[in-house]
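Heads up, the thing below is written out as structure tokens.
Numbers restart at 1 for each chain; the letters A, B, ... are given by sequence-line order, proteins then strands.
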Amino acid sequence: MQEELSVKYDPSQVEDKWYAYWVENKYFHSEPDGREAYTIVIPPPNVTGVLHMGHMMNNTLQDVLIRRARMMGKNACWVPGTDHASIATEAKVVNKLASMGIKKRDLTREEFLKYAWEWKEEHGGIILKQLRRLGASCDWDRTAFTMDEVRSESVIKVFVDLYNKGLIYRGLRMVNWDPKAQTVLSTEEVVYRDEKSKLYYLRYYVADADVNPVKPTGEEGEVLHKDENGRYYAVVATTRPETIMGDTAMCINPKDPKNQWLRGHKVIVPLVGRVIPVIEDRYVDIEFGTGCLKVTPAHDVNDYNLGKIHNLETIDIFNPDGTISEAAGMYIGQDRMVVRKQISIDIEAAGLMEKIEDYDNKVGYSERNPDTAVEPRLCKQWFLSMKHFADIALPPVLEGKIKFHPAKYISTYRSWLENIQDWCISRQLWWGHRIPAYFLPAAEGEEERFVVAETPEEALKLAKQLPGCADVTADQLTRDEDALDTWFSSWLWPVSLFNGINDPGNKEIKYYYPTNDLVTGPDIIFFWVARMIMAGEEYINDVPFRNVYFTGIVRDKLGRKMSKQLGNSPDPIKLIEQYGADGVRLGILLCTSAGNDILFDESQVEQGRNFSNKIWNAFRLVKGWSVAECPQPEESRVAVDWFRAKLNATVEAVNHDFENFRINDAVMAVYKLFWDDFCAWYLEIVKPGFENGTQKPLDKATYDATIEFFDALLKMLHPVMPFITEELWQNLAERKAGETIMLQQMPKGGAFDQKTIDDFNVAVEAVVAIRALRQSKNISPKEALKLQVKGDMPAIAEPVVRKIANISSIEKVEGFAGGAGEAFMVGTLEFNVPLEGMIDVAAEIEKINAEIQRYEGFLKGVNAKLGNAKFVANAPAQVVELERKKLADATTKIENLKERLASLK
RNA sequence: GGGAGCAUAGCUCAGCUGGUUUAGAGCACCUGCCCUACAAGCAGGGGGUCAUAGGUUCGAAUCCUAUUACUCCCACCA
């Protein structure tokens, strides 16, 4: 620290220095020992990600929790790491390659992965470096990656295990297909958005020659469509006319009176000309559109189900990239969205369009490629059967073994688990964990055969055991091309970080698991939180964490989500440079409450910076004092007693807040303790005056207490503001080499007398009243005043008022005669400041009358209560007693005021 | 369509099991101050029919019902 402390705190002078110091001394590192463990695993950010405000909030919270736990004597371990994020990262690599003129499909898997790893090495982990700027006290020696050796091995082991348990299966299903990434997605990865679209009404002519209505038209509301040539047709409403090439039936509800005439007939698909049957199924909503549904089994889940029931042909008219396939017979190779426009024109031209209406519907988009509409597609994929996992994951949350903060997410969690669908875990990607399934050669049309094993050698062994496969060779086995869903590795995170899959029951997993608190967003409650609980229960037979703190979304002050497009997302590193990491941390924490979105505004960070500066200057003040052997002034003795009580009370409140994850409240409590109580009151009271231009020394008792308080305050602030607290703590007293505030014990608080705090508040109120009086009468703070008091002033209040309000004498009186002064009340205590010739009697009378009126209004309410026999009879004695006291107090006050009014007149 | 949550000062939110609350905090705002820690500061001040309408109760911001607004989640109606 510089000899001369600057007036302004400069974070850039201290942050890097202390972070390096902490890392060098391995203060963040944890090894199992005899202490109680406190563990947090980081929600692994995307390996190629860049820090944004959401990360800042999330990781600040985690750091506060971990630093506090460390100072509470726990063996705190915060494990950092990154996620391989297969879809996002693969997309980035594909784009990069494209910019180099390389197409993914021209590369072998090995070549592609080489590029991908290069990309990862180059861009990966930036985000972890950025976290250091924030002060994150992660155990960097434990940094993990979802695709590193331990984690990969865990994933493969788990896949094989679950397959062997019969929980993983391979099946032909209607799945969600992302045509841009060209992979399937799980149902959770599809986000539905409202969209303005069109409902197209298409003519499907009746194919049989003699449709001729056997019965007369108009019977029982039947709707027959007949064109100018006398030909009959049905009308189908669809939002997706481009799928007509895949139509293999038209469906009506058997109970639909208006479409009875279509029963048993055949219709012609417009443009395509294919003749398809009219089938009947109760699934069809009679009220929707015309009650006629076109059935495209290959491209709609419901249609697929209808197809299965009614044994319909399935025509897949799309290529994997969303263009029209050969099977469609027309528009081949064109994108489906282009074809939608074109086909409506062509149908119109062919006279087959009845009408087009505006229509609001929901369209599913890929979570990772938000501008790509997801296509339902029929294909063979790997699934994890979820019923079993739902069964084991629900009880710990419902029974409170895991607590959600806020608790409202329990119901979200519950309803998801109670309606769970099987998890599609395969992805048509290369960047990820390759599925350990090996296929045997099979002739065309033959049922596929495969084995699942951790290694190719193991697979070969298994394959040879299959009937008729004794001679199979290693070359004949082909490994599944697909990779696993990224979440299939993330769900193991709290277990795999401690190698609990590969080495069950090892020392670390036993020590660190279950972890304590998880800090994450509610948007991944299904993706991640729920699945970690499943994996934890399945593999360790215990919950992965005790508490889940759900953060909100960081929005700008207008409530908009932060996004690159809007440009409303500040660069966290720039903010740190501008305001200091401590300032940014405090700013974020002040507006964070569990489950609520935070509306971020730079002014909050400014508040954080200002607070840093306040701490800095308090330090400058205290360090500037000299100490001498002299008696302790009365007001200092009182202030020490009071502040100790206040400190202890706040420690208790802060502990309570943390237990309930009310972190913003805890932070605010310490903020006020420092700024309002310590700086504005305590330091002002003990601050020595000046004599002949030099500051008087401080007595030793007061000085020691002040240093003790400052030390306690810095510790309480440290989890929130690690840098400035370390800097000042190191300079507050002599420190040995290698000491750090990080590893000090958090103040434990202790018993305190509430009366001390209450009595002090009398002084505070009196001082405030006298200051207001000075201001309104334009009396300088330097001019000493006299004070009269009627009643018994608390002993500790007197010296405080004397010093802070600059009172020369306090006189106890029976009444204020003559009215030569300004009076005020604190509780029932009456004060008067005698002011010769400075009183505006008229104004004073008005003021007193207003006061009387206020108290009388108050009395009315109290009297109404006490006058109510039912109240007196039913309310608890305590409450009635309280009302009586209110009555007595208010009555006294009014009497005093009236007395005073009289004396003025 | 189903479910959940929320509605308190200009803004963001506390207010837990109804009674020391004719409602609090932080920020913002207004007024006065550069008084040897700090103008990134100090001192003082104004500001709310607790969304609306009913109900329960001796007593409601707090509990119940309905309405309105917003937010979120879930769902295969083309």
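Here A:Lys782 does not reach the OP1 or OP2 of B:C35: none of its side-chain N or O atoms lies under 4.0 Å away. Here A:Arg282 does not reach the OP1 or OP2 of B:C77: none of its side-chain N or O atoms lies under 4.0 Å away. Residue A:Arg771 has a polar side-chain atom (N or O) positioned under 4.0 Å from OP1 or OP2 of B:G44. Between A:Trp675 and B:C42, a side-chain N or O to OP1/OP2 separation shorter than 4.0 Å is present. Side-chain nitrogen and oxygen atoms of A:Tyr855 include none within less than 4.0 Å of the OP1 or OP2 phosphate oxygen of B:U22. One finds a side-chain N or O of A:Asn596 lying less than 4.0 angstrom from the OP1 or OP2 phosphate oxygen of B:A14. At B:C27, one or more side-chain N or O atoms of A:Tyr671 fall inside 4.0 Å of OP1 or OP2 (strictly under the cut-off). Applying the 4.0 Å criterion to OP1 and OP2 of B:A39, one finds that A:Lys614 has every side-chain N and O outside that range. Note on A:Lys886: a side-chain N or O is less than 4.0 Å away from OP1 or OP2 of B:U20.
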Identify all pairs in which a protein N or O lies below 3.5 Å from an N or O of nucleotides 1-4 of chain B, and state each distance.
none

Protein-nucleotides 56-58 of chain B N/O pairs under 3.5 Å:
from  : atom 1 : to       : atom 2 : distance (Å)
B:C58 : O2'    : A:Asn868 : ND2    : 2.7

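No side-chain heavy atom of A:Arg203 sits less than 4.5 Å from a side-chain heavy atom of A:Pro270.
A:Thr314 and A:Tyr304 are not linked by any side-chain donor-acceptor pair at a separation below 3.5 angstrom, with hydrogens and angles left out of the test. Looking only at atom types and distance, the side chain of A:Asp247 has a donor-acceptor partner in the side chain of A:Tyr204 under 3.5 Å away. Residues A:Glu418 and A:Ser415 bring no donor and acceptor atom of their side chains to less than 3.5 Å of each other.
By the 30° and 60° cut-offs, the orientation of the rings of A:Trp675 relative to A:Phe611 is parallel. Below 30°, between 30° and 60°, or above 60°: for A:Tyr9 and A:Trp616 the angle between ring planes is between 30° and 60°, a tilted geometry.
Atom CD of A:Gln853 has 12 or fewer heavy atoms from other residues, nucleotides or ligands within 6.0 Å.
Interface remark: the A:Glu684 side chain does form a donor-acceptor pair with the B:A37 base, using a distance-only criterion of under 3.5 Å.
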Verify side-chain hydrogen bond (donor to acceptor under 3.5 Å, both in side chains) between A:Thr243 and A:Lys294, making sure each step is shown before the conclusion. CA-CA 9 Å; A:Thr243 63; A:Lys294 70 188 220 40; 2.6 Å; yes

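Pairing analysis of RNA chain B (Watson-Crick: purine N1 to pyrimidine N3 plus N6-O4 or O6-N4; G-U wobble: N1-O2 and O6-N3; both under 3.5 Å) yields stems of 3 or more pairs at B:1-5 with B:70-74, B:10-13 with B:24-27, B:29-33 with B:41-45, B:51-55 with B:63-67.
When heavy atoms are screened at a 4.0 angstrom cut-off, A:Ala618 is found touching base atoms of the nucleic acid. Using a 4.0 Å heavy-atom cutoff across all strands shown, A:Arg609 reaches at least one base atom of the nucleic acid. Among the heavy atoms of the strands lying under 4.0 Å from A:Tyr359 are primed sugar atoms or P, OP1, OP2 only; no base atom is included.
Remark on RNA chain B: of its neighbouring residues A:Asn617 and A:Met668, the 5'-side contact belongs to A:Met668, judged by nearest-heavy-atom nucleotide.
Closest non-hydrogen pair, A:Arg336 versus A:Glu242, comes out as O-CG, 3.8 Å.
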